[in-house]
Amino acid sequence: AQKVTQAQTEISVVEKEDVTLDCVYETRDTTYYLFWYKQPPSGELVFLIRRNSFDEQNEISGRYSWNFQKSTSSFNFTITASQVVDSAVYFCALSTIKAAGNKLTFGGGTRVLVKP
Amino acid sequence: GAVVSQHPSRVICKSGTSVKIECRSLDFQATTMFWYRQFPKQSLMLMATSNEGSKATYEQGVEKDKFLINHASLTLSTLTVTSAHPEDSSFYICSAPRDRGTDTQYFGPGTRLTVL
């Protein structure tokens with residue numbers, strides 16, 4: 001069975017601070033995919049990134065960066081120089097080749113509050 | 001822009017009535033769609049996998065007679081909450097993989113159901 005753990009339920013920062021969201025996953029499959037989604041107050045989930053298990057290269061997209069480490073089964077997400085618009089709930093998710101219909105297993109989510 | 005739409009975005013109904021929620025893929029065909037339920041301040045819970053041309057696959061604990069799913073075409077899946085009760089009040093979200101062969105799910109904006 002798959003499991004995704006986001007230990008931080010809520011993080012509060014002041015604008016321009018960096019914030020790192022932790023994500024730890026469990027799976028017995030050797031091929032899998034990891035995702036991060038953002039859910040702003042409007043409720044719609046926004047896709048941020050997809051990583052497959054064979055690609056451990058870290059990625060940077062603007063103020064967002066991701067650190068994938070298979071050795072520790074972690075896929076952490078950092079927002080640099082946070083802004084008020086970054087306030088949202090962020091979900092880490094996992095799917096595997098063997099999961100019927102590519103079902104996603106979500107972590108519990110981390111609520112990020114960026115104060116001006 | 002949005003790739004998955006949902007209608008309605010918000011619905012209020014009386015206890016005992018049935019409510020239909022539509023999920024559409026906007027510029028792609030989806031043989032599979034997923035329906036989730038999200039309670040306030042909680043993560044997404046997968047309810048069922050909607051399969052075009054065949055029966056939906058329900059997750060353990062989800063009542064198939066209560067939550068009827070019909071995948072009428074390659075761009076439309078509907079979720080009908082039958083004989084709704086206040087405990088069915090929730091945020092319902094659908095998703096679909098846009099690109100064949102990838103696991104990236106794109107989510108609809110969600111439907112907030114309130115049963116009085």
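Values reported hereafter were calculated over all heavy atoms of this structure, with side chains retained and with hydrogens, waters and symmetry mates removed.
Using modelled atom types, one finds a donor on one side chain and an acceptor on the other under 3.5 Å when comparing A/Thr20 with A/Thr78.
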Practice problem: Kindly determine whether B/Phe28 and B/Tyr106 satisfy ring pair (Phe, Tyr, Trp, His ring centres under 6.0 Å), including the steps that lead there. | Solution: CA-CA 11 Å; B/Phe28 65 100; B/Tyr106 289 87; 7.3 Å; no
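With hydrogens and angles disregarded, no donor-acceptor distance shorter than 3.5 Å links the side chain of B/His7 to the backbone of B/Arg24.
Your options are A/Gly109, A/Ser42, A/Gly108, and the one with the most heavy-atom pairs under 4.5 Å with chain B is A/Gly108. Comparing B/Gly110, B/Ser9, B/Ser95, B/Ser43 by how many heavy-atom pairs each has under 4.5 Å with chain A, the most go to B/Ser43.
Among B/Phe91, B/Tyr92, B/Phe107, B/Phe67, the one residue that satisfies the ring pair (Phe, Tyr, Trp, His ring centres under 6.0 Å) test with B/Tyr36 is B/Phe107.
When heavy atoms are compared at a cutoff of 4.5 Å, B/Gln38 approaches chain A solely by way of its side chain, counted from C-beta outward. Using a 4.5 Å cut-off between heavy atoms, A/Gln6 makes no contact with chain B at all.
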